[in-house]
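Have a look at the structure below before the remarks.
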Amino acid sequence: MDFIIEAAVKAVKTLYQTELNDADVNLQPTRKEFEGQITIVTFPFTRFSRKSPEQTGAEIGEVLKNDVKEIAGFNVIKGFLNISLADSYWVDKFYNEILPDDFADYKPNGKKVMVEYSSPNTNKPLHLGHVRNNLLGYSVAEILKADGYDVIKSNLVNDRGIHICKSMLAWQKFGNGETPESTGEKGDHLVGKYYVLFDKEYKKQIDELKSFGQTEEEAKKNAPIIKEAQEMLQQWEAGNEAVINLWKTMNLWVYDGFGKTYEALGVNFDKFYYESETYLLGKDIVEEGLERGVFFEKADGSVWIDLTADGLDQKLVRRSDGTSVYMTQDLGTAEEKYKNFHMDESIYVVGNEQDYHFKVLFLILEKLGKSWAKGLYHLSYGMVDLPSGKMKSREGTVVDADDLIAEMEQTAKEQTEALGKVENYSEAEKTELYHTIGMGALKYFLLKVDPKKRLLFDPNESVDFQGHTGPFIQYTHARIRSVLSRAEGFGNQKISIELLDVVERDLILILSQFPETISQAASSHSPAVIANYVYEVAKAFNKFYHEKSILQAEDETSKQFRLQLSSATARVIKKAMRLLGIEVPERM
RNA sequence: GCACUUGUAGCUCAAUUGGAUAGAGCAUCUGACUACGGAUCAGAAGGUUAGGGGUUCGACUCCCUUCAAGUGCACCA
């Protein structure tokens, strides 16, 4: 639409002798109830024209109509200049841009971006909160890729610390040598079971100590089992062979389990970082900060940064005993990542409870003069709530990721069978289809919502398959493919079409917005933009489909054109859904 | 207490980043091809955009304030 902006700038110049920037021209799609496809808001121009918005709009419209051959007409309503582009413009656009295979393919922009997501703890299985994180991270990575970035997906695994020792210790005490092989249990679930067991025992001991007169605080510190866990952590840090071996074994169980969940979710990673390898990083940065005077040392030897001038607090970066804290690690890891990949941007997909942490982290790196600090971005998302309240993995009130996936597949199966659509499917095809539909429903449900908003998930009200849902869009695709497969053969060759029906033009119009939608989703880091867009595409197609016959079109020309239009629509749907990590079936 | 985030139809979400009469889906009610696939389409009803003030041609959007919900304010990660 650049040519309209250009023409508008020119028109204002000739009419009112005022030089505008392209950005001063406010273009927006015309509302459905009015004639036209593109609208210019004329209010900003009235101070140059010194005329009413209506008059200004009419004058500019007149000039545009004469100057730009694609403009077929215009009308002005309350200061909004609605422009109608000629059908020939839309037909050309369709054949020149939308129908070719490379539609919405961005050229590489030469920039590199890292998307870090998932970041699980190795002491328990993944739950619904992780699912949101994984789907978001994967989708944002795909969107950036589509926008022309070179993308590195990374996963920083939290594989060390006291919480890991808890499951290890509980397994040692109560496990009787159980393994995933001996129990048939998924590795991450087995380990998670012992994490819960630890907590149970810990609580028991606390209650016991309290009954002997200790305060809650004392009891929490003095419970034998927590002391043992702390000892185990020290042994781990000292490199005690037995502890390390146990740690390695149990982590392998967990990774095996995670691998299966990741596969079911359809997410993947290019680079794994492990906290056991990065937790000592950042010490150099502390020294560097001290030298540069960015950090300061207190009398007890602890090192801090003072961010009060920026409206934040003082933040500790090294303990008085010389050891690192979480922030130190993250400073070091950020630098390590940059050294590894020299990316222009780095996105952290982490829940919004860490907003403050990342604000501080980025600010410190900026103050340290890291050139790459301005490319850091915290993609913060709201937590997933259950009707009963917050999920607590220690208390077992979680929606487990694997259970959820299985339930979605089951629901997809029931729905599909009830509709009687799979008579001639093989078992393998059925399994695949149910997975595709179930995951489509789940992913769409989670991704259509703006990431920063909290999400309420009611497990009893299973995810819908009708209306604004993944399966609705999948169904639209399958139906198009079905029609196309009945058609005898048609190509991409241009057919001369003079007039478009409204539903056809509306469909072309919305398809044409795909590239800019990708850019918008990329710059706002929001899969929801894509999700809402592809829904509009599906709706526009369904409307077209109901009003116009494709295979029984009035004449051969219309038939060919509609087949091409349907084919282009199917490709946009497929591509857009792919950006959300959702597959679309050929039939369902 | 301080800071950050959120608040839109009964429910779940939109609103082109300051633009027109705030739009969809679910649920409710009414309709629609001899099925190019009805997981569809058309329509009805449903709103003081949490409340109040301000800024301007124009506010769900920006500012102030009150209220509600959530999160964060460790020499934990």
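Sequence lines set the chain letters: A, B, ... in the order given, protein chains first and strands last, and positions in each chain run from 1.
No donor-acceptor contact under 3.5 Å links the side chain of A/Thr476 to the base of B/A39. With hydrogens and angles ignored, a donor-acceptor pair under 3.5 angstrom links the side chain of A/Thr416 to the base of B/A39.
Of the candidate nucleotides B/A77, B/C4, B/G19, B/A77 has the atom lying nearest to any side-chain atom of A/Arg319. Proximity note for A/Arg31 (side chain, C-beta onward) versus B/C13, B/U21, B/C4: the nearest is B/U21. The listed nucleotides are B/C26, B/G72, B/C4; the one nearest the side chain of A/Asp464 is B/C26. Relative to the side chain of A/Leu456, the nucleotides B/A20, B/G38, B/U12 differ in distance, and B/U12 lies closest. Out of B/U21, B/A77, B/G25, the shortest distance to the side chain of A/Asn158 is found at B/A77. With B/U17, B/A20, B/C36 as the choices, the nucleotide that has an atom nearest any side-chain atom of A/Gln520 turns out to be B/U17. The listed nucleotides are B/C41, B/U17, B/C13; the one nearest the side chain of A/His546 is B/C41.
A distance of about 23 Å separates the P atoms of B/G31 and B/C36, rounded to the whole Å.
With both pairing distances under 3.5 Å, B/A14 is matched to nothing as a Watson-Crick or G-U wobble pair. A 3.5 Å limit on both hydrogen-bonding distances identifies no Watson-Crick or G-U partner for B/A9. In this structure, B/A22 forms no base pair with any nucleotide, since neither Watson-Crick nor G-U wobble geometry is met with both distances under 3.5 Å. Within the shown strands, nothing qualifies as a pairing partner of B/U49 under the Watson-Crick or G-U definition with both distances less than 3.5 Å. Nucleotide B/C73: paired with B/G1 (Watson-Crick or G-U wobble, both distances less than 3.5 Å). With a cut-off of 3.5 Å on both pairing distances, the Watson-Crick or G-U wobble partner of B/G31 is B/C41. Applying the Watson-Crick and G-U wobble criteria (two distances, each under 3.5 Å), B/U61 pairs with nothing in any strand. Nucleotide B/U55 has no partner under the Watson-Crick or G-U criteria, as no pair reaches both atom distances under 3.5 Å.
A straight line from CD1 of A/Ile4 to P of B/U16 spans 20 Å, rounded to a whole angstrom. The interatomic distance linking A/Leu312 (CG) with B/A74 (P) rounds to 13 Å, in whole Å. Residue A/Phe472 contributes atom CZ, which lies 15 Å from atom C1' of B/C13 at whole-angstrom precision. Rounded to whole Å, the distance from CG on A/Leu446 to C1' on B/U12 is 12 Å. The distance from atom CZ of A/Arg587 to atom C1' of B/C36 is 17 Å, rounded to the nearest whole Å.
Between A/Glu54 and A/Lys78 there is no salt bridge, since no side-chain nitrogen of the basic residue lies less than 4.0 Å from a carboxylate oxygen of the acidic one. A/Asp199 and A/Lys166 are not joined by a salt bridge, as no carboxylate oxygen comes within less than 4.0 angstrom of a charged side-chain nitrogen. A salt bridge does not link A/Lys430 to A/Glu417: none of the charged nitrogens lies less than 4.0 Å from a carboxylate oxygen.
Looking only at side-chain heavy atoms (C-beta outward), A/Tyr444 and A/Phe472 stay at 4.5 Å or farther from each other. A 4.5 Å side-chain heavy-atom check between A/Thr416 and A/Met588 finds every atom pair outside the cut-off. At a threshold of 4.5 Å between non-hydrogen side-chain atoms, the residues A/His378 and A/Val350 count as touching.
Sorted by first then second residue, the salt bridge (charged side-chain N to carboxylate O under 4.0 Å, His left out) pairs that include residues 530-544 of chain A, not counting sequence neighbours, number zero. Within the structure, salt bridge (charged side-chain N to carboxylate O under 4.0 Å, His left out) contacts touching residues 556-570 of chain A (residues at least two apart or in different chains) are A/Glu504-A/Arg562, A/Glu554-A/Arg562.
Listed by residue number, the members of residues 538-545 of chain A with any heavy atom below 4.0 angstrom from RNA chain B are A/Lys539, A/Asn542, A/Lys543, A/Tyr545.
Using a 90° window around 0 for the glycosidic torsion, B/U55 falls outside it and is classed as anti.
With sequence neighbours excluded, no residue forms a salt bridge (charged side-chain N to carboxylate O under 4.0 Å, His left out) with A/Lys298.
In this structure, A/Tyr356 does not pack face-to-face on the six-membered ring of B/A3, missing the 5.5 Å centre cutoff or the 30° plane limit.
Atom CD of A/Glu35 has 12 or fewer heavy atoms from other residues, nucleotides or ligands within 6.0 Å.
The nearest heavy atom of RNA chain B to A/Phe34 and to A/Leu316 marks one nucleotide each, and the one closer to the 5' end goes with A/Phe34. Residue order along RNA chain B, read from the 5' end via each residue's closest nucleotide, puts A/Gln466 first among A/Gln329 and A/Gln466.
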Which pairs, protein N/O on one side and nucleotides 6-9 of chain B N/O on the other, fall under 3.5 Å?
from	atom 1	to	atom 2	distance (Å)
B/G7	OP1	A/Lys453	NZ	3.3

Output one line per pair: protein atom, nucleotide atom from nucleotides 54-59 of chain B, and distance, for all N/O pairs under 3.5 Å.
none

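Looking at heavy-atom distances under 4.0 Å, A/Gln474 makes no contact with the nucleic acid at all.
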